[in-house]
Amino acid sequence: PVGATAVWVDEGSSGRRVIVGSDPSTMEVLYENQPATIGSFHAGDTNMAWLAGWDPFITTPGFARTELWTAPTALTPAAMEPRLVAEVSGFVPISLGPTFVAVPWVEPSNRIVLYDLVDGRTRTFVLPPDQALPAPPLYATETELVMVTWTSTEPSFLLSIDPSMLPYD
């Protein structure tokens, strides 16, 4: 049934491990990535994706290197098959689509990059220079990506695109 098993990042471990379980007596570490910090973890029907931040900055938030990782959805440590997809622009919230991960770019903030979970190829959507993406997409499917955009002079608005129409970079 929906919600029978939970998967989450254990903040008590400084975000360095993912826990899975259906009740407190059966919870276990699904994945651990020392010494990286795990964030923006998503699990879907077929895929999981997350960011791993390496070498945290001392005086400002962020990491010297941020990587995008994926694995087929797994509920036991033995079934976990993590794989590095690509290095990305920053430790930001992401959105998981059926076969891709949408990552808002940090600089410039008017673009979003879709990383193919199979081979790491990218497709990039670029907004006009006066617009920005203040958050990750709200919704992601093979044929629709819904996001909030804003400008310095206009209120926020919803934008929907068909990611399958974007060519590979």
Side-chain angles (χ1 to χ4, degrees), residues 1-106 109 112-125 133-148 163-164 168:
V2 174
T5 302
V7 181
W8 72 95
V9 174
D10 177 14
E11 296 300 330
S13 67
S14 297
R16 289 187 169 86
R17 59 186 177 190
V18 177
I19 306 295
V20 63
S22 55
D23 67 59
S25 66
T26 63
M27 291 179 194
E28 62 184 322
V29 175
L30 178 65
Y31 176 70
E32 192 162 12
N33 192 358
Q34 297 285 348
T37 297
I38 299 169
S40 204
F41 183 89
H42 292 270
D45 291 339
T46 57
N47 295 302
M48 299 186 301
W50 62 93
L51 297 178
W54 298 87
D55 304 319
F57 296 136
I58 303 300
T59 58
T60 60
F63 298 88
R65 185 176 85 244
T66 302
E67 299 170 338
L68 172 63
W69 286 76
T70 189
T73 296
L75 297 178
T76 65
M80 271 298 280
E81 298 175 9
R83 182 177 52 78
L84 176 64
V85 176
E87 191 168 325
V88 297
S89 73
F91 204 77
V92 296
I94 62 175
S95 294
L96 176 64
T99 60
F100 64 87
V101 170
V103 180
W105 215 244
V106 174
S109 62
I112 190 160
V113 179
L114 309 182
Y115 290 87
D116 189 298
L117 291 177
V118 173
D119 57 20
R121 291 185 301 166
T122 60
R123 294 175 280 175
T124 303
F125 178 72
L133 296 162
L138 304 170
Y139 179 73
T141 70
E142 285 302 323
T143 58
E144 188 171 30
L145 190 63
V146 177
M147 57 199 111
V148 175
S164 68
Y168 283 99

Worksheet item: Does any N or O in the side chain of Thr73 come within less than 3.5 Å of the main-chain N or O of Gly44, such that one atom is a donor and the other an acceptor?
Response: yes
Fill in: side chain to side chain donor-acceptor pair (under 3.5 Å) against Asp45, all qualifying residues, sequence neighbours excluded
none
Worksheet item: What's the verdict on side-chain contact (heavy atoms from CB on, under 4.5 Å) for Ile19 and Val7, showing C-alpha distance, side-chain angles and the deciding distance?
Response: CA-CA 6 Å; Ile19 306 295; Val7 181; over 6 Å; no
Fill in: Test item: Ser95 side-chain N/O and Ala102 main-chain N/O as donor-acceptor pair under 3.5 Å
no
Practice prompt. For the pair Trp50 and Trp69, name the ring-plane relationship: parallel under 30°, tilted 30 to 60°, perpendicular over 60°.
Written response: parallel
Practice prompt. With sequence neighbours excluded, give me every salt bridge (Lys or Arg N to Asp or Glu O under 4.0 Å) pair touching residues 46-56.
Written response: none
Discussion item. Would you compute the distance between atom CG of Leu51 and atom CD1 of Ile38 and round it to the nearest 0.5 angstrom?
Written reply: 10.5 Å
Item to complete: Examine distances only and state if a side-chain atom of Glu28 and a backbone atom of Thr76 form a donor-acceptor pair shorter than 3.5 Å.
Response: no
Worksheet item: Can you pull the salt bridge (Lys or Arg N to Asp or Glu O under 4.0 Å) pairs that have at least one residue in residues 56-69, sequence neighbours excluded?
Response: Arg65-Glu67
Worksheet item: Side chains of Trp105 and Thr124: closer than 4.5 Å at any heavy-atom pair?
Response: no
Discussion item. Measuring from atom CD1 of Ile94 to atom CD1 of Ile112, what distance do you get when rounded to the nearest 0.5 angstrom?
Written reply: 10.5 Å
Worksheet item: Is the side chain of Thr70 donor-acceptor paired with the backbone N or O of Met48 at a distance under 3.5 Å, no angle test?
Response: yes
Discussion item. If I take atom CE from residue Met147 and atom CG from residue Leu138, how far apart are they, to the nearest 0.5 angstrom?
Written reply: 9.0 Å
Worksheet item: Between Leu114 and Leu145, is a side-chain contact (heavy atoms from CB on, under 4.5 Å) present by the stated rule, with each step listed?
Response: CA-CA 10 Å; Leu114 309 182; Leu145 190 63; 3.8 Å; yes
Item to complete: First locate atom OH of Tyr115, then atom CZ of Phe100, and finally report the distance between them rounded to the nearest 0.5 Å.
Response: 13.5 Å
Item to complete: Please report the C-alpha distance between Val92 and Val103 in whole Å, then the side-chain angles of each, then the deciding distance to 0.1 Å, and finally whether the side-chain contact (heavy atoms from CB on, under 4.5 Å) criterion is met.
Response: CA-CA 7 Å; Val92 296; Val103 180; 4.0 Å; yes
Practice prompt. Please name all residues satisfying ring-ring contact (aromatic ring centres under 6.0 Å, His included) with Phe125, sequence neighbours left out, ordered by chain then number.
Written response: none
Worksheet item: Pick from Asn33, Leu30, Val29: which one makes a side-chain contact (heavy atoms from CB on, under 4.5 Å) with Val18?
Response: Leu30
Worksheet item: With Ser109, which residues qualify under side chain to side chain donor-acceptor pair (under 3.5 Å), at least two apart?
Response: none
Practice prompt. May I have all residue pairs that pass salt bridge (Lys or Arg N to Asp or Glu O under 4.0 Å) and include part of residues 97-106, sequence neighbours excluded?
Written response: none
